[in-house]
Structure formats: C-alpha cells, structure tokens
Peer 1: 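Here's a structure for you.
When a residue number appears, it is its place in the shown sequence, counting from 1.
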Amino acid sequence: MSTQPVPDPLLIACALGIEHLALRMGDRGGADGPVTVLRTGMGPRAAERSVTRILADPVFAGAAVLATGFCAGLAPGMHPGDLVVAEETRDPRGAVPCVGTELLVKELAGTLPGRTVHTGPLTGSDHVVRGHERADLLATGAIAVDMESAATLLSAVRGGVRPVAAVRVVVDAPEHELVRIGTVRGGISAFRVLRSVLPAFFEWHRNVLLPRR
C-alpha cells in the first residue's frame with residue numbers, strides 16, 4: 001500500500017511579539033504540511049541566530065522559509081497597511097532572490113482585495129530608518145526596509161536549497177512616519193492585514209512544492 005509523501009514544512013519567521021500574535025490569530029486552515037511560526041527577536045543578528053538554529057534540525061531540511069512582519073515603506077505614496085512582496089532581499093552581505101513573487105502578489109490580491117501590493121527589492125538595516133536615510137535607500141532601488149528579512153533569507157539559503165520569500169506590511173511610510181500622530185491607527189491597520197495573510201502564504205507554499213513531488 002503506497003503512502004503519500006509528507007510535504008516539506010513551511011517556516012514563517014517574524015521578529016516581534018505583536019507580529020507573532022497577528023499570525024497566531026490568523027486562519028490556519030488550508031496549510032499543506034506542517035507550519036511553524038518562529039519569533040526570531042528584533043534585528044538581523046537575532047534573526048540569523050534563530051533561523052540558523054531551527055534549520056539545523058533535520059525536520060526542517062527541506063523547509064520553505066517566508067519572512068514576514070512589518071516594514072517601513074520607502075517610496076512616496078505608500079500607506080500603512082500596504083503590502084510589500086520582495087523580488088529579492090538585500091543587505092551588505094549580498095542579495096537573495098525570492099521565489100514565487102508573482103504567485104504571492106496574485107494570492108494576496110485575492111485574499112485582501114483593495115489592498116495595494118508593491119513589488120521590488122526589500123533592503124535590510126540594523127536600526128530603525130528615518131529621514132534622509134529613507135531617501136538614500138530609495139535611491140538604491142529598494143522599495144521598503146526592515147531589520148530581519150534579509151538576514152532570515154540569507155540564513156535560510158545558507159542552510160540548504162529551499163524556496164524563500166519575504167512579505168511585509170507597511171506600518172511606516174514617508175508621509176506616515178512612526179513619530180507622527182496617526183501611528184496607532186496605522187499600526188492597527190497593519191496588524192489587521194498581517195492577521196489575514198496566512199491563506200496566501202499557504203497557497204504559495206503549496207505551489208512552490210509542486211515541482212519537488
């Protein structure tokens with residue numbers, strides 16, 4: 001009697017407790033295989049350490065890795081609650097191409113109709129970016145910045161060949177910086193969006209696994 005192979009796991013990495021809470025509150029139905037939501041802690045070093053540690057477990061040998069959470073938008077016209085799907089993640093150590101970007105854009109548009117989805121390079125930083133730094137990063141071609149995605153994906157591909165992606169929700173943008181009044185409203189909007197993204201992540205996972213079955 002033949003048995004179906006167990007799909008490789010999906011590892012979803014986020015940094016903050018509030019991001020982890022949003023994902024835990026999301027709809028976990030429809031996953032194709034085991035799903036682990038990892039809270040790495042804030043910053044690239046914490047992300048690298050946590051992701052490297054968990055991927056050393058043989059259970060995660062073929063795991064797909066998706067970095068998510070909040071980010072700062074760099075382009076004028078971005079708003080809290082907008083989505084960013086990375087075409088690649090970057091930091092001073094190099095760039096990691098993302099897999100299935102078009103599929104993620106399609107699934108997120110279907111899951112969250114009316115939400116703007118931006119695509120482009122997502123750059124990493126070791127601190128919160130403000131003021132002129134935002135413009136400097138935009139000039140490199142990046143459309144958003146966060147502290148963990150680049151380190152997460154770099155650690156993931158160092159640990160073996162696997163599908164990787166990064167999806168972030170804008171909580172801070174050029175016209176909506178965190179220090180301004182309206183931060184709470186923007187944060188609530190971003191939280192609600194992050195709480196709703198899991199079905200799109202599961203569909204991405206299902207499809208990037210297909211060639212390997």
Peer 1: Who passes salt bridge (Lys or Arg N to Asp or Glu O under 4.0 Å) against R90, sequence neighbours left out?
Peer 2: E88

Peer 1: Taking M42 as the starting point, is it possible to reach I12 by hopping between hydrophobic residues whose side chains are less than 4.5 Å apart?
Peer 2: yes

Peer 1: So, for A156 and V164, which heavy atoms are closest and what is the spacing to 0.1 Å?
Peer 2: CB-CG1, 3.9 Å

Peer 1: Count I, L, V, M, F, W, Y as connected when their side-chain heavy atoms are under 4.5 Å apart, and connections chain through other members. Are V99 and V157 then in the same cluster?
Peer 2: no

Peer 1: Begin from the C-alpha positions of F191 and L194 and carry the test side-chain contact (heavy atoms from CB on, under 4.5 Å) through to its verdict.
Peer 2: CA-CA 5 Å; F191 180 89; L194 188 58; 5.9 Å; no

Peer 1: How long is the gap from OG1 on T152 to CG on L38, to the nearest 0.5 Å?
Peer 2: 8.0 Å

Peer 1: Check the surroundings of atom CZ in R93: do more than 12 heavy atoms from other residues, nucleotides or ligands lie under 6.0 Å from it?
Peer 2: yes

Peer 1: Please tell me if the side chains of P9 and T36 come closer than 4.5 Å, counting only heavy atoms from C-beta onward.
Peer 2: no

Peer 1: What are the two closest heavy atoms between A200 and L104, and how far apart are they?
Peer 2: O-CD2, 4.2 Å

Peer 1: Carefully, step by step, assess V96 and R158 under the rule side-chain contact (heavy atoms from CB on, under 4.5 Å).
Peer 2: CA-CA 10 Å; V96 177; R158 278 178 174 168; over 6 Å; no

Peer 1: Suppose we screen for salt bridge (Lys or Arg N to Asp or Glu O under 4.0 Å). Which residues come up paired with R49, at least two apart in sequence or across chains?
Peer 2: none

Peer 1: For the pair R195 (side chain) and L21 (backbone), establish whether a donor and an acceptor sit closer than 3.5 Å, ignoring hydrogens and angles.
Peer 2: no

Peer 1: Of all heavy-atom pairs between R192 and S196, which one has the smallest distance, and what is that distance?
Peer 2: O-OG, 3.0 Å

Peer 1: Spell out, as yes or no, whether a donor-acceptor pair under 3.5 Å connects the side chain of S149 to the backbone of G124.
Peer 2: no

Peer 1: Atom OG1 of T111 and atom CG of L198: how far apart are they, to the nearest 0.5 Å?
Peer 2: 10.0 Å

Peer 1: For the side chain of R168 and the backbone of F70, is there at least one donor-acceptor N/O pair under 3.5 Å apart?
Peer 2: yes

Peer 1: Does V84 reach the side chain of V170, with side-chain heavy atoms less than 4.5 Å apart?
Peer 2: yes

Peer 1: Test your reading of the model: is there a side-chain donor-acceptor pair from E19 to the backbone of A15, 3.5 Å cut-off?
Peer 2: yes

Peer 1: Checking side chain to side chain contact (heavy atoms under 4.5 Å, CB included) against H118, which of L83, L74, D82 comes through?
Peer 2: D82

Peer 1: Do you know the tightest heavy-atom contact between S155 and A151?
Peer 2: OG-O, 2.8 Å

Peer 1: Looking only at heavy atoms, which two atoms of A72 and R134 are closest? And how far apart?
Peer 2: CB-NH1, 3.9 Å

Peer 1: Group every Ile, Leu, Val, Met, Phe, Trp and Tyr by side-chain heavy-atom contacts under 4.5 Å, then state whether L122 and L108 land in the same group.
Peer 2: no

Peer 1: For a quick test of your reading: what N or O donor-acceptor pairs under 3.5 Å do the side chains of residues 51-66 make, sequence neighbours left out?
Peer 2:
from	atom 1	to	atom 2	distance (Å)
T52	OG1	E48	O	2.7
D57	OD1	V59	N	2.9

Peer 1: Look at the side-chain heavy atoms of Ile, Leu, Val, Met, Phe, Trp and Tyr, link any pair under 4.5 Å apart, and say whether L103 and L11 land in one connected group.
Peer 2: no

Peer 1: Indicate, with yes or no, if L23 and L16 share a hydrophobic cluster defined by side-chain heavy-atom contacts under 4.5 Å among Ile, Leu, Val, Met, Phe, Trp and Tyr.
Peer 2: yes

Peer 1: Taking T40 for the side chain and C14 for the main chain, is one N or O donor matched with an acceptor at less than 3.5 Å?
Peer 2: yes

Peer 1: Do the side chain of E148 and the main chain of G43 share a donor and acceptor less than 3.5 angstrom apart?
Peer 2: yes

Peer 1: Flag the pair D91 / P44 as yes when at least one side-chain heavy-atom distance between them is below 4.5 Å, and no otherwise.
Peer 2: no

Peer 1: Measure the shortest side-chain to side-chain distance between T140 and T123 over non-hydrogen atoms and say whether it is less than 4.5 angstrom.
Peer 2: no

Peer 1: Taking all non-hydrogen atoms of both residues into account, name the closest pair between C98 and A86 and its distance.
Peer 2: CB-O, 3.3 Å

